[in-house]
Number of protein chains: 2
Amino acid sequence: MTAETPRTPGLPKAQVRPAPDRTSTPTPSKVDRPTRRRGRTRARLIEAAFAVFAERGFGRASIEEICEAAGYTRGAFYSNFSSLDELFFALYEHRAQLIADQVGGVLGRVSGQDTVEVLVNRVIEALTLDRDWIMVRTEFLLHAARSATIAATMTAHRTVVQETLARTLQDVVDLTDLPPALRSGASLARAVMAVHDGVVVEMLLGTGTEELKSWLRTLLLALLD
Amino acid sequence: MTAETPRTPGLPKAQVRPAPDRTSTPTPSKVDRPTRRRGRTRARLIEAAFAVFAERGFGRASIEEICEAAGYTRGAFYSNFSSLDELFFALYEHRAQLIADQVGGVLGRVSGQDTVEVLVNRVIEALTLDRDWIMVRTEFLLHAARSATIAATMTAHRTVVQETLARTLQDVVDLTDLPPALRSGASLARAVMAVHDGVVVEMLLGTGTEELKSWLRTLLLALLD
DNA sequence: TGTATCGGATACGTCAATGTATCCGTTGTT
DNA sequence: AACAACGGATACATTGACGTATCCGATACA
């Protein structure tokens, strides 16, 4: 009940199952590709989970609540995931990928000779300050703190972003005089991420986005200039 | 069952109840002071909650689990708190107070003329890097993100620490050349807390305490020197 | 168009956790 | 020492969320 969003099926195609032993591949393009409908359902559940986790928190979110928000019943959930943790994990990977792409997009190709200020502005532009995402990310961080496996996943994603940042910040290394320990793109990237992580705490306590961007700029310039 | 810690009562004295209308104060020192036993029970429940929240997370911790860890039954809990949130709140206030005291203790009186490096070392010494506390604090931060009231509480506590830091950092303002926006004890304190908050994220992902202190020192020196 | 199969819905049993109502031992007072 | 009140334990009823077993409509392939 109270479902008003999807309710519109999709169009399957193939599945991941035990593979009915197709010795003679009928159509060369349907080996184990997951069904279309399935993909949509998964995606919708993940999106709904994002909203619910952001609003209620992981601890207080129930499977049913998420399904309701997505316009499905628990049957759909259990058909796609085996636990709430698994969904949470999938959600994190999905969004983290988006973030990485975004950062990569904005900082993509280094534009040769820029001033530090210009570089800082691009970096700030690239870093996310979306409150919902920050909240979900923070919950995930807490999970990582309790599971080496999850921590590894999160670290891996951070590394991707960090490396992108490092390439951009490589230029800064020569533009300004930095303490020895910070004289590398990698360590500068690590520093920028730390500052970002720190500033973001204030966002959770109510500071507005613009104010925070300004504060972030101040800090980064103080550090890098 | 499985209780092996307290189980030893305390000694009452008075209570907060509707006050039996004592018009003629019998003994001038027992107006509404909470019972001794009560205080101990509360304290033990709070300590147990700290351990349980740190290990299992707020979302997965049950009231019973905490009572068990404290050596009580749920009866004791409901006699002292009305919800898990309330206990969590009390726990936060308790620990936050300890932290504030500690920071105040270490940075208490400013020692006149120190080098920036010495000041930074004292600041680092003062800032907590206790993993359990960081985790509980992060959970609380997430609650604050969803409740203006809780956010206000947390901000208040941060302000206390920030002001202590500000007094200490007041000296730095003249010792080094900083960007205009950072030329005050208050903004420097805000910056130091941001860096601290940022570095602490790495701790949750597995970086060790010493490594982190070193990294924190690097960042603070780069910022302040 | 027929049909095997897939994806999600429905219905059910289970369990852990909650909150309350009540009881009993302990404590401080007279 | 007796007593009144307090603090915590015990017992109980309730509920909400979970996971599973099964069913039905939709879909792709022949």
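Predicted model only: the values in this text are computed from it and were never measured. Heavy atoms only: backbone and side chains are in, while hydrogens, waters and symmetry mates are out. Throughout, protein chains are lettered first and strands after them, A, B, ... in sequence-line order, and every chain is numbered starting at 1.
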Query raised in the report: For the pair made of CD in E68(B) and P in dA16(C), what is the distance, rounded to whole Å?
Result: 13 Å
Query raised in the report: Is the backbone of V106(A) close enough, under 3.5 Å, to the side chain of R122(A) for a donor and an acceptor to pair up by distance?
Result: yes
Query raised in the report: Can you check the D85(A) CG to dG19(D) P distance for me, whole Å?
Result: 10 Å
Query raised in the report: According to the interplanar angle, ranging from 0 to 90°, do the rings of F140(A) and Y92(A) count as parallel (below 30°), tilted (30 to 60°) or perpendicular (above 60°)?
Result: parallel
Report summary line: In whole angstroms, the gap separating C1' of dT22(D) from CZ of R74(A) amounts to 14 Å
Requested in this report: Select from G75(B) and L84(B) the residue whose nearest nucleotide in DNA chain C is closer to the 5' end of that strand.
Outcome: L84(B)
Query - Lys/Arg-Asp/Glu bridge criterion (N-O < 4.0 Å) met for D130(B), R137(B) - result: no
**Report entry** Minimum-distance nucleotide to R38(B) side chain [options: dG19(D), dG7(D), dT10(C)]
**Finding:** dG7(D)
Query - Spacing between R60(A) atom CZ and dA17(D) atom P, to the nearest angstrom - result: 11 Å
Requested in this report: Output the single nucleotide from dA9(C), dG19(D), dT18(C) whose closest atom is nearest the side chain of Y78(B).
Outcome: dT18(C)
Query raised in the report: Is any NZ, NE, NH1 or NH2 atom of the basic residue among R146(A) and D85(A) found under 4.0 Å from an Asp or Glu carboxylate oxygen of the other?
Result: no
Query raised in the report: Between atom CZ in R44(B) and atom P in dG7(D), what is the gap in whole Å?
Result: 15 Å
**Report entry** Quiz item: cation-pi between R95(B) and F50(B), 6.0 Å / 45°
**Finding:** yes
Report task. Provide, to the nearest angstrom, the distance between the CZ atom belonging to F81(A) and the P atom belonging to dG7(C). Result -> 13 Å
Query raised in the report: Between R42(B) and S82(A), which is nearer to the 5' end of DNA chain D once each is assigned its nearest nucleotide?
Result: R42(B)
Report task. May I have the distance from F58(B) (atom CZ) to dA17(C) (atom P), rounded to whole angstrom? Result -> 14 Å
**Report entry** Phosphate OP1/OP2 of dG7(D): any R37(B) side-chain N/O under 4.0 Å
**Finding:** no
Requested in this report: Measure from CZ on R36(A) to C1' on dA28(D) and round the result to the nearest Å.
Outcome: 10 Å
Query - Side chain of S79(B) - closest among dG7(C), dA9(C), dG7(D) - result: dG7(D)
